[in-house]
> 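Take this structure first; my questions come after.
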Amino acid sequence: MMEKRYNPKIAEEKWQTFWEKKGYFSPRPGKKGKFFSMVMPPPNITGILHMGHAFNMTLQDIIVRFKRMQGYETLWVPGIDHAGIATQNVVERELQKEGLTRQKLGRKEFVRRVWEWKEKYGERIFHQMRRLGVSCSWEDKAFTMDEAHSKAVREVFVRLYEEGYIYRGNYIINWCPRCQTALSDIEVEYEEVEGKLYYIRYPFADDDKNYVVVATTRPETMLGDVAVAVNPDDERYKKFKGRKLVLPLVKRILPLIFDNYVDPDFGTGALKVTPAHDGEDFQIGKRHNLPLVNIFNKDATINEKGGIYKGLDRYECRKVIVEDLRKSGYLEKIEDYVYRLGKCYRCGTVVEPYLSTQWFVRMKELAEDAIRVVKEGKIEFYPDYWKRSYFDWLEKIHDWCISRQIWWGHRLPVWYCQDCGETVVARTDPAVCRCGSSNLKQEEDVLDTWFSSSLWPFSTLGWPDVGEKFKKFYPTSLLCSGWDILFFWVARMVMMGVKFTGDVPFRKVHIHPLIGDEKGEKMSKSKGNVIDPLDMMEKYGTDAFRFSLVALKTDAPYLKFSEERVKGYRNFANKVWNASRFVLMNLEDFSPSEQDISSFDLCLFDRWILSRYAKVVKEVTKNLDNFRFPQAAQEIYQFIWGDFCDWYLELVKPRLKGELSQRKLSQSILYKVLKGSLKLLHPFMPFITEEIFQLLPGKEKESIMISDWPEERLIEDRETERKMALFMEVVTQIRTVRAEMGIPPQKEIRVLLRPKKNESAGILRENISYIKTLVKGEQIIVDSVAKKPGVCASAIAGDVDIFVPLEGVLDVKKEKERIGKLIADTEKELVRCKARLSSEDFLKKAPPEVVAKEKEKNMQLAEKIEKLKKRMEDLSEI
RNA sequence: GCGGGGUUAGCUCAGUGGGAGAGCGCUUGCCUUACAAGCAAGAGGUCGUUGGUUCGAGUCCAGCACCCCGCACCA
């Protein structure tokens, strides 16, 4: 016997185990030629399941379950990312507890410790994912550092190198002094800060009474200054051409140079040039052949080039230098100034533009191809507007710095011959150099984590080997990702996919929001607004949690998650449970084989619920096809609660108790609609739907997971819908009047209904017993004879207690008039539209997109007229 | 500065040219045999603003205001 309340805990454990044991998650032969595949955005091995993962995976799981039920052979590849810097940081923190550092351990031992850590905790998240009910193919599990993937990484690196896409160079890059590694452009997060702008006097070499004032936000970098630049058109400075300046404190002689880059309107119009510590200054330095003075150590302390400031941290140094400048009269003034400060996306430390030798990927061509495939429609974006960001980024892309000075990751397959100096790049570790020397030293750097992630869609399918799996499932069908990694990951996958497989990595991309708190703010530990998905599942059940994630989704960047919503959907789960409980109680003497609904004599409500059911099947399917999750969720919610439970179940009660043929008929419909609804709901709420499905009589399949997705041709039964609307109106009116008069529900009263139209009276008379069921206790008189509003014989005679005139019921004549006018208007518009399209003048002069739009409008209008005419016919039948 | 998204009920949001909607909250009445995690009734909106297209605009177009986000730049 089913409990009065749904208990998620028992069901969840049971079915997750059952599904896995049956192997439903792995690809199973589907309908011929129908394949569906996805790769999961791999969580970091340091990760535990957070709201973002839960959301992203729920969306994917919904689609996968949906496709599986539709008969696709599905593959959803789960995996984890080695997450270079993030993981290294975590393990280093662990070591710290033991009083160790990675330097003390040495590279080899440190990497061994990371692997150990990975073995221990790396798959924690998989266990947590299971609770969420994700149905990914565990046996296809991948890891970015496993052998197969590493092979792909090498192949790609070597080919890119051989084809000239990869080069090594000494440039200004973003340096994180804490992680002590280079970062790519997008690994820096900018934040507005209220800082200071320091104005410093640089005296002339030949005249220490006069000076040029420069402005800077980073005074400590003056130690690396090699020139002062001004705009060649700046009248203030033209006269100083050829003069030299003295760098305060350091006393280095600086040339005054002229460069168009300098904006005369900013600050004093004079710019201190520090080529080793600023990207733009580096360019100026190159143009003017200036020396590079690097003043920082790797940890952003001052090195020996900083003279007496050596050893100071950059911010200490700033303080000291400002003080020294003030003391010696070089400091003109300090202003408050708001500027953007770049921080490391992994540790939040302020990055330093830093000169170093790094490896880069030339991006331009790759980006062009990535733009092209999307423009050609080979990849569709949902929602479509994300394409704009994608294009914008790719169009102004910079070369990608791919080398990292950390130990955890794919070491570059690059060796330097210690004898001849040759650089060897190879797929397999070389034993000797071309010169015959075996004295080869491998590059110390590892690759950016995102380098390996960008190969994910094909490396997980076995590439560079092109096996059966690859042939069947590549390109993948869909990629689901948050917008935050559109550039980090999605765009790069497209570039790599196109370059190395000659095809796109996925046909569709669904870009979804991130999860915020109830105010729409990013969840973070420091804000203390983090919600643990495991908590939610524990408290309200996984199904309710999943449903609330999906029903909440909007186009805002952060969706507002609140526990209240989860509670609401927990109630919905319970509603489903209880409705099913009721149906099952009445299905004990029923076996599904007996049923053939079309052979029964269906009454109004049966036809209505079947019509509504057909509609909801169509809508849920359509919305899922377009990744409109909240709309799909709302449709099924509305149908189950608002239509099936509130109306149909109530209406069917008396018939279940009535004569046998009626009972059988009702059972058939209940069975059909409940089973179908459970299937529609299953992708959203996998556990409860399985639990109930298993209790249904006459097992269709051994699991709802592998049952067939409902396919209903929509029966546009307008007449039924209209009649039902009338019926609902009557019931509502009686309830209202009764409530207004304060009549308690126990008391039997006499009600007179006076419908406006004779045909309405007919419907009411037919269904009078149901009206009585829904509005309990009433004795109802239907008086269709009374002609004048508000007057009727029974009412005057005092034979009734309340009198219910039916307002708001569809007035057929008026409706016909309305539709008639609409048709006329639309036809006129169509004529005008056609006239425009046949006018040569218009076709010549109007831009092509306007013409296309006009043509589309033409079609739409024609369609609309058809629809309206059909509606008119329906009305005429009454 | 460039680009994107948004503005509809107290809150969160649906709404793809023709009847202003849902959930939550609120008020009122009900333990009516599936469900009080429930049922029923109700209050509550000049759809940001100004124009335009249209027979007709919450919906399409343009401008404006405000909010959010991304990218770029200023030393």
Side-chain angles (χ1 to χ4, degrees), chain A residues 2 4-6 185-186 190 197-198 214-218 221 229 261-263 265-274 278 280-281 337 339-340 383 385-389 391-393 396 483-484 486-487 513-514 518-520 540 544 551-562 564-565 567-586 628 630-631 634 637-638 641-642 645-646 649-650 653 731-733 735-740 742-746 773-777 810 815 818-819 821-822 824-826 828-829 832 853 857 860-861 864 868:
Chain A
M2 290 169 81
K4 204 167 171 179
R5 281 192 184 171
Y6 169 58
D185 293 345
I186 51 176
Y190 290 92
L197 190 58
Y198 303 87
V214 300
T216 179
T217 54
R218 296 186 297 157
T221 61
Y261 168 76
V262 183
D263 175 6
D265 297 328
F266 188 90
T268 61
L271 166 71
K272 65 191 243 349
V273 184
T274 324
D278 183 278
E280 280 305 330
D281 290 11
Y337 186 65
Y339 63 105
R340 292 194 331 154
Y385 58 76
W386 281 108
K387 272 202 305 217
R388 288 298 289 263
S389 299
F391 290 141
D392 280 357
W393 186 69
K396 54 187 175 195
W483 54 262
D484 54 336
L486 180 61
F487 308 142
L514 308 181
E518 60 219 333
K519 280 177 260 162
Y540 302 105
L552 262 165
K553 191 190 132 335
T554 71
D555 287 344
Y558 291 94
L559 55 82
K560 295 168 186 170
F561 185 88
S562 79
E564 276 307 299
R565 310 290 288 247
K567 211 178 195 170
Y569 294 117
R570 188 264 323 254
N571 295 354
F572 174 56
N574 198 48
K575 189 75 181 174
V576 172
W577 179 255
N578 274 296
S580 307
R581 187 158 77 108
F582 172 78
V583 173
L584 286 166
M585 278 165 61
N586 285 289
R628 292 156 59 96
Q631 288 83 352
Q634 185 163 346
Y637 179 95
Q638 211 39 259
W641 201 321
C645 292
D646 287 352
L649 289 188
E650 294 304 324
K653 279 176 184 172
V731 173
T732 304
Q733 293 264 355
R735 280 171 179 162
T736 312
V737 173
R738 173 172 206 139
E740 277 168 6
I743 302 167
Q746 300 83 4
T773 315
L774 287 176
V775 190
K776 299 204 172 54
L810 185 69
E815 181 69 2
R818 199 178 72 89
I819 305 256
K821 190 172 171 294
L822 250 164
D825 285 343
T826 314
K828 263 193 261 172
E829 180 62 26
R832 272 196 293 266
K853 220 173 162 186
K857 195 175 167 192
Q860 279 173 356
L861 285 171
K864 195 165 146 190
L868 287 168

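All figures in this text were calculated on a predicted structure; none of them were measured in a lab. Naming: A, B, ... by sequence-line order, numbering from 1 per chain.
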> NA contact type, Glu518(A), heavy-atom cut-off 4.0 Å: base, sugar-phosphate, or nothing?
nothing
> Under the 3.5 angstrom rule, does the side chain of Asp278(A) hit a backbone N or O of Val273(A) as a donor-acceptor pair?
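No, the answer is negative, given that no donor and acceptor are paired below the 3.5 Å cut-off.
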> Looking for any heavy atom pair under 4.0 Å, which part of the strands does Asp278(A) touch: base, sugar-phosphate only, or nothing?
nothing
> Could you identify the nucleotide paired to C64(B), looking across every strand shown and requiring Watson-Crick or G-U wobble geometry with both distances under 3.5 Å?
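Base-paired to G48(B).
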> Give one of base, sugar-phosphate or nothing for Val273(A), where a contact means two heavy atoms less than 4.0 Å apart.
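If one applies the 4.0 Å heavy-atom cut-off, Val273(A) turns out to touch nothing in the nucleic acid.
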> Using Watson-Crick or G-U wobble geometry with both distances under 3.5 Å, which nucleotide pairs with G70(B)?
C2(B)
> I need the CG-P distance between Leu197(A) and C74(B), as an integer number of Å.
13 Å
> Which is true for Ala573(A) with a 4.0 Å heavy-atom rule: it touches a base, it touches only sugar-phosphate, or it touches nothing?
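Contact class for Ala573(A): none.
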> Between the base of A40(B) and the side chain of Glu650(A), is there a donor and acceptor pair under 3.5 angstrom?
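It does not, because no donor-acceptor pair links the side chain of Glu650(A) to the base of A40(B) below 3.5 Å.
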> Could you tell me whether Tyr385(A) contacts a base, only the sugar-phosphate backbone, or nothing, with contacts defined as non-hydrogen atoms closer than 4.0 Å?
sugar-phosphate
> Is the shortest side-chain N/O distance from Arg570(A) to OP1 or OP2 of A37(B) below 4.0 Å?
no
> Mapping Ala579(A) and Asp646(A) to their closest nucleotides on RNA chain B, which lands nearer the 5' end?
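Mapping each residue to its closest nucleotide by heavy atoms, the 5'-most match is Ala579(A).
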> Hey, does Lys4(A) reach any base, or is it just sugar-phosphate, or nothing, if we go heavy atoms under 4.0 Å?
sugar-phosphate
> Any idea how Tyr337(A) and Phe266(A) line up, ring-wise: parallel (<30°), tilted (30 to 60°), or perpendicular (>60°)?
perpendicular
> Check every strand shown and say whether Thr216(A) touches a base, only sugar-phosphate, or nothing at a heavy-atom separation below 4.0 Å.
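Result for Thr216(A) = sugar-phosphate.
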> Any donor-acceptor pair, under 3.5 Å, between the side chain of Thr826(A) and the base of G18(B), if you only look at N and O atoms?
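Side chain to base: pair found, below 3.5 Å.
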> Looking at every strand, decide which applies to Asp392(A) at a 4.0 Å heavy-atom threshold: base, sugar-phosphate, or nothing.
sugar-phosphate
> Can you find a donor-acceptor pair, distance only, under 3.5 Å between Arg735(A) side chain and A40(B) base?
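For Arg735(A), whose side chain was compared with the base of A40(B), there is no donor-acceptor pair (under 3.5 Å).
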> Searching all strands shown, indicate the nucleotide that pairs with A57(B) (Watson-Crick or G-U wobble; both distances under 3.5 Å).
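The answer is none; no pair meets the criterion.
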> Going by purine N1 to pyrimidine N3 plus the second Watson-Crick contact, or the G-U wobble pair, all under 3.5 Å, which nucleotide sits opposite C35(B)?
none
> Return the value, rounded to whole Å, for the distance between atom CZ of Arg340(A) and atom C1' of C2(B).
13 Å
> Which nucleotide, in any strand shown, forms a Watson-Crick or G-U wobble pair with U16(B), with both distances under 3.5 Å?
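Answer to the pairing question: none, since U16(B) forms no Watson-Crick or G-U pair.
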> Does G23(B) pair with anything, Watson-Crick or G-U wobble, both distances under 3.5 Å, and if so, with which nucleotide?
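Pair assignment: G23(B) / C11(B).
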> Should the pair Tyr637(A) and Phe572(A) be assigned to parallel (<30°), tilted (30 to 60°) or perpendicular (>60°) ring geometry?
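Taking Phe572(A) first and then Tyr637(A), their aromatic rings sit tilted (interplane angle of 30° to 60°).
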> Between G23(B) and Tyr569(A), is there an OP1 or OP2 to side-chain N/O distance shorter than 4.0 Å?
no
> For the residue pair Lys272(A) / Thr274(A), report whether a side-chain donor-acceptor contact shorter than 3.5 Å exists.
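Judged by distance alone, the side chains do pair up.
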> Under 4.0 angstrom, heavy atoms only, what part of the nucleic acid is Lys653(A) near: base, sugar-phosphate, or nothing?
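Base, at least one base heavy atom under 4.0 Å.
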> Within this structure, what is the CG-to-P distance between Leu649(A) and U33(B), rounded to whole angstrom?
15 Å
> Answer yes or no: does a side-chain N or O of Trp577(A) lie under 4.0 Å from OP1 or OP2 of G38(B)?
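Answer no for this pair, as no side-chain N or O of Trp577(A) is under 4.0 Å from OP1 or OP2.
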> Just call it for Arg388(A): base, sugar-phosphate, or nothing, with non-hydrogen atoms closer than 4.0 Å on any strand.
sugar-phosphate
> Tell me what Leu486(A) touches on the nucleic acid: a base, only sugar-phosphate, or nothing, going by heavy atoms under 4.0 Å.
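The answer is nothing, as Leu486(A) stays clear of every strand by at least 4.0 Å.
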> Would Asp825(A) and Lys821(A) count as a salt bridge (charged side-chain N to carboxylate O under 4.0 Å, His left out) if you check the C-alpha gap in whole Å, the side-chain angles of each, and the deciding distance to 0.1 Å?
CA-CA 6 Å; Asp825(A) 285 343; Lys821(A) 190 172 171 294; 3.4 Å; yes
